[in-house]
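Just follow the structure's listing: the first ligand is 1, and inside any ligand the first atom is 1.
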Amino acid sequence: MTDTSTYKMWRTLSDKPLGKLAFSAAASLKAPYFASVTPYISEIEYGRAVVHGPKWWFVQNHIGTFHAIAACNLAEVGMGMVMEASTPGTHRWLPKSMTVDYLAKAESSLVATATLAEEIDWDAITTGRDVAVDIAVRDKKGTEVVHARITTWVTPKPSK
Ligand SMILES: CC(C)(COP(=O)(O)OP(=O)(O)OC[C@H]1O[C@@H](n2cnc3c(N)ncnc32)[C@H](O)[C@@H]1OP(=O)(O)O)[C@@H](O)C(=O)NCCC(=O)NCCSC(=O)Cc1ccccc1
C-alpha cells in the first residue's frame, strides 16, 4: 500500500461532502500551474485516476477548441495522481518525458483517464527504472481526442 501524503489526503477527503472538490483545489495549490485547467479529480486508486477539465475561455486556442497544451496539462494531473496512488513510500517518481497525439478537435470539456501502462514490481526497483502512464483524454461524446504517454523515472528514496 502506498502512503504518499497525497493519497492519504485523498482517502481522508474523497468520501466527504465536497471532499473531492477540496482535494482538487489542494492539488492545484501544491502545483499551481495545474490551476490553469481547473482540474476536478473524481477517482484515484492504485493504477488509475480520472480527472475532469471544464472547457472555458481561458483554455481555448485560436480555433475555439480545448488547447492541446492545456489537454497535456490535464494529462499531467492524471499521471501525477496515478503515480501518487501507486508508488510505495519507499520510492519516488519524476516525469521525464511525454509523447502525445492530437487525435481529434476537442470541442467540449474533457475527461482524462490515466492508467499505469504495465504491472510494476516496485520492490525490484533498486536503482531506477522507467514507469509509463497512459492517458486517454476524451470529449463529452466519449471520443478520444488526445492520447498521451508520460514516462516517469522511479528511484528508491535516498536515506536521510
Ligand atoms: C532525474 C532524471 C529524470 C533522470 O536523470 P538520471 O541522471 O538518469 O537519473 P538519476 O537517478 O541519476 O537522477 C539524477 C538526479 O535527479 C534526482 N532525482 C531523481 N529522481 C528524483 C525524484 N523523483 N525527485 C527529485 N529528484 C530526483 C537525483 O537525486 C539526482 O540528483 P543528484 O545527482 O543526486 O543531485 C533527469 O532526466 C531529470 O531531472 N529530468 C527533468 C525532470 C523534470 O524536471 N520533470 C518535470 C517536473 S514535474 C512537472 O513539471 C509537472 C508535474 C508536477 C506535479 C505533478 C505531476 C507533474
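The pair Glu118-Arg129 meets the salt-bridge criterion, with a side-chain N (NZ, NE, NH1 or NH2) lying under 4.0 Å from an Asp/Glu carboxylate O.
Under a 3.5 Å cut-off, the side chain of Thr87 and the backbone N or O of Met83 do form a donor-acceptor pair.
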Pairs of nitrogen or oxygen atoms, one from ligand 1 and one from the protein, closer than 3.5 Å: please tabulate them with distances.
{"residue": "ligand 1", "atom": "9 (O)", "partner": "Trp153", "partner atom": "NE1", "Å": "3.2"}
{"residue": "ligand 1", "atom": "11 (O)", "partner": "Trp153", "partner atom": "NE1", "Å": "2.8"}
{"residue": "ligand 1", "atom": "18 (N)", "partner": "Arg92", "partner atom": "NH2", "Å": "3.4"}
{"residue": "ligand 1", "atom": "23 (N)", "partner": "Trp93", "partner atom": "N", "Å": "3.4"}
{"residue": "ligand 1", "atom": "23 (N)", "partner": "Trp93", "partner atom": "O", "Å": "3.1"}
{"residue": "ligand 1", "atom": "29 (O)", "partner": "Arg92", "partner atom": "NH2", "Å": "2.9"}
{"residue": "ligand 1", "atom": "45 (N)", "partner": "Pro95", "partner atom": "O", "Å": "2.9"}

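By the 4.5 Å heavy-atom criterion applied to side chains, Val50 and Ile41 are not counted as neighbours.
A cation-pi contact links Arg11 to Tyr7, judged by a cut-off of 6.0 Å to the six-membered ring centre and 45° from its axis.
Cluster membership check: Tyr46 shares its hydrophobic cluster with Val154, using side-chain heavy-atom separations under 4.5 Å among Ile, Leu, Val, Met, Phe, Trp and Tyr.
Side-chain contact, Thr152 with Asp130: no donor N or O sits under 3.5 Å from an acceptor N or O.
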